[in-house]
Amino acid sequence: MAPPRERAARALNRDAVLETGLADPAWLKARREEAWDLYVATPLPSTRSEEWRYTDVGRLLPLDGLEPNLEGAGGAPDGDLVPGVGGPSRGTVPDGLLRTMAHDPASSGRVVDVDGHVVSVELDAALAAQGVVLCSLREAARSGDPVVEELLATRAVPASEGKFPALNAALWTDGVFLRVPKGVRLDEPIRLSRWVSRPGTATFTRILIVAEEFSQVSFVDEITSPDFESTTLANTAVELFSRGGAQVQYVSLQRMGRGGFYLATQRTLAERDSTLDTLNVALGGSVGRVDLNARLLGPGANSDMLGLYFGDEDQHFDFNTSQDHVAPDAHSDLLYKGALDGSARGVFRGIIRVHEGAQRTDAYQTNRNLILSDDAVATSLPNLEIGADDVRCSHGATVGQLDAESLFYLMSRGLDREQAERLVVLGFLGEVLDRLPLGGVTEKVTRAIRAKLRHLHG
Amino acid sequence: MNDRPILSVTGLSARVADEDPDILKGVNLAIRPGEIHAIMGPNGSGKSTLAKVISGHPGYEATAGAVVYQGEDLLEMEPDERAQAGVFIAFQYPVAIPGVSIANFLRTALQARLEDGEELDLFEFQELLMERMELLQMDPSFVQRSLNDGFSGGEKKRNEILQMAVLNPTLAVMDETDSGLDIDALKVVAHGVNALKAENPAMSVLLITHYQRMLNYITPDVVHVMVKGRIVESGGPEVALGLEEQGYEKYRRAQVA
């Protein structure tokens, strides 16, 4: 028998699950262990399955070699953080993240997360007084908030959802819990600024947002990192609940460095007369995969689902979306637009499912791709599954190149070819941002796109 | 004014790229600084092909002859180089570019003229834009709209002239700018062109038109008649008036003969 080793490098295993959950309440420990069992029992998605056909996760993601970013690892802070106290400061927040945050305009609140650990939480005092809760998810789970126990990894993104949701439910270290009480409306977005610093690690984050009746909130989830030599995973589970008449906007800005592997499962549950809009922006990382399921659970519910991706070099973005119309008289409208340069790959797979009885559904789905180089590839697979007879549904997909007439027109005014291309690409992608004007998001994304466009065909 | 032509077209034949036959069949034309020339002709005579060839449109190619602009071989220049050198074409059918606002586009175009490292003064640009829109009786919100996206025919034409007014060319080619404009819009556009001309008397203009009516408001120095790819007559404004009365029939017959 081999001698017992000194504390080995952590890996994605049961020990890590137990260690992560050490200070958790019993229900959460149990949930983690169940999730781990599910993870072990669930085969890794292969390219033989329809949903993973174009993303060979077994080849792209060396799960066995990843080290989980557990609490206390790699300089992440130990100890408790008191919600609402202490802003981000030099020392606890890396410079790269501070630079990103410097471009943010006003916020109603902000959370900073480094390597899967919340390092600061700020919330407008007036909102806190109105009962808005914004805190580290870990703190929320430990504090015994019944809403967290009821909704965490149960109705929206449970472990049973798949291999990666199970892994996340077992190993999540922290994240955000946001609850907006009935009728409370936030003027400015809540911003989550995430930073991943350690190459070769796996970070597991969860976001749980509950907007009570007739409340209104927008949430911007931005993740950035340096470039990594080795594959570095950021796995995120996003659970969004809008109660009757509430309005919620969730924006994900994925701006990781190269080597980053972004894997997100998002589910939105929109109840009667509520609005639950999402925007997924993928600009960074080497691989980005987002599984988004919007469920329209009550009449009058509405979800605008927007996506924007711009890949260059060998970036690979894969979006798997579904619009589930469970209730009648609901509306969903999806628009995903992508530009692909270099040898980048874009995959969009979307399905509208109109459930039996969901009469008078209005559901739309559009995916448009702009190919900027000979080696870039876009795959677009829109789909419909209609179980009711009185519905209005449409889907459409295009993959096209830059229009020669447009480029000529701009060049005839003195722009050189690259300036003309940049303008057309920016205009093409900008349509998505125009649909969801949210404090600072358009400017920030436009700036990031411009920076990428400077290296067009590079 | 000096006598050296700013644009000289000699023996120019041209066609749609890779498609026989030639549409232009040996065009000769010389425009001097400050002159306004009009080219009139029936549909299909090759007027717009000439504008496209001068603009450098990749869908057209010269098969013979030369186009010299300010002493340089224009046909060897890229479309953007032509624009940078002061050539402007107001297109007959300008293309729509969603998501690119007129203001952003014009700012980029002016910035493109500056040396590397030089920055356009945004305040001055805004002033210029506002002043030009006033000249053309346009609503200030117009420039926030996407380029030609959902524009009416008249809006597209005005947008072309707005660009011309902002970019202040040395040679402006107006390709059937009058078509699709009602008489009030035509007057506004013509007034704008005249005002630009008054500001910059050295600007040369080549007006391409099917009808005489534009020439009631912009007085040409020279009028050319183009039929079947050739200029068949050149003269003063009286040539246009003659066309108004008699049409193109006599030129057609002359060619057949």
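What you see is a predicted model, and the numbers here were worked out from it, not measured in a lab. Per chain, numbering begins at 1; letters A, B, ... match sequence-line order.
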At a 4.5 Å cut-off on heavy atoms, which part of [X] comes close to chain B: side chain, backbone, both, or neither?
X	answer
Asp434(A)	neither
Glu405(A)	both
Leu410(A)	both

Do the side-chain N and O atoms of [X] and [Y] include a donor-acceptor pair separated by under 3.5 angstrom?
X	Y	answer
Arg345(A)	Thr379(A)	yes
Asp318(A)	Tyr309(A)	no
Ser179(B)	Lys157(B)	yes

Subject >> Within the 6.0 Å centroid threshold, strictly below: Tyr336(A) and Phe317(A) >> reply: no

**OP:** Step through it carefully: locate the ring centre of Phe142(B), locate the ring centre of Phe151(B), and say whether they are under 6.0 Å apart.
**Re:** yes

Is it the side chain or the backbone of [X] that comes within 4.5 Å of chain A heavy atoms, both, or neither?
X	answer
Ala85(B)	neither
Pro169(B)	neither
Leu147(B)	side chain

**OP:** Return yes when atom CD of Gln401(A) has more than 12 non-hydrogen atoms of other residues, nucleotides or ligands closer than 6.0 Å, and no otherwise.
**Re:** no

Original post:
For the candidates Gly99(B), Ala96(B), Pro94(B), Gly56(B), which exhibits the highest count of non-hydrogen atom pairs separated by less than 4.5 Å from chain A?
Top reply: Gly99(B)

Original post:
Counting heavy-atom pairs under 4.5 Å to chain A, which of Leu110(B), Leu106(B), Thr108(B) comes out on top?
Top reply: Thr108(B)

Subject >> chain B contacts, top residue of Met411(A), Arg417(A), Glu431(A), Gln419(A) (heavy-atom pairs, under 4.5 Å) >> reply: Met411(A)

**OP:** Walk me through it: do Arg15(B) and Asp20(B) pass the test salt bridge (Lys or Arg N to Asp or Glu O under 4.0 Å)?
**Re:** CA-CA 7 Å; Arg15(B) 60 181 185 175; Asp20(B) 284 328; 2.7 Å; yes

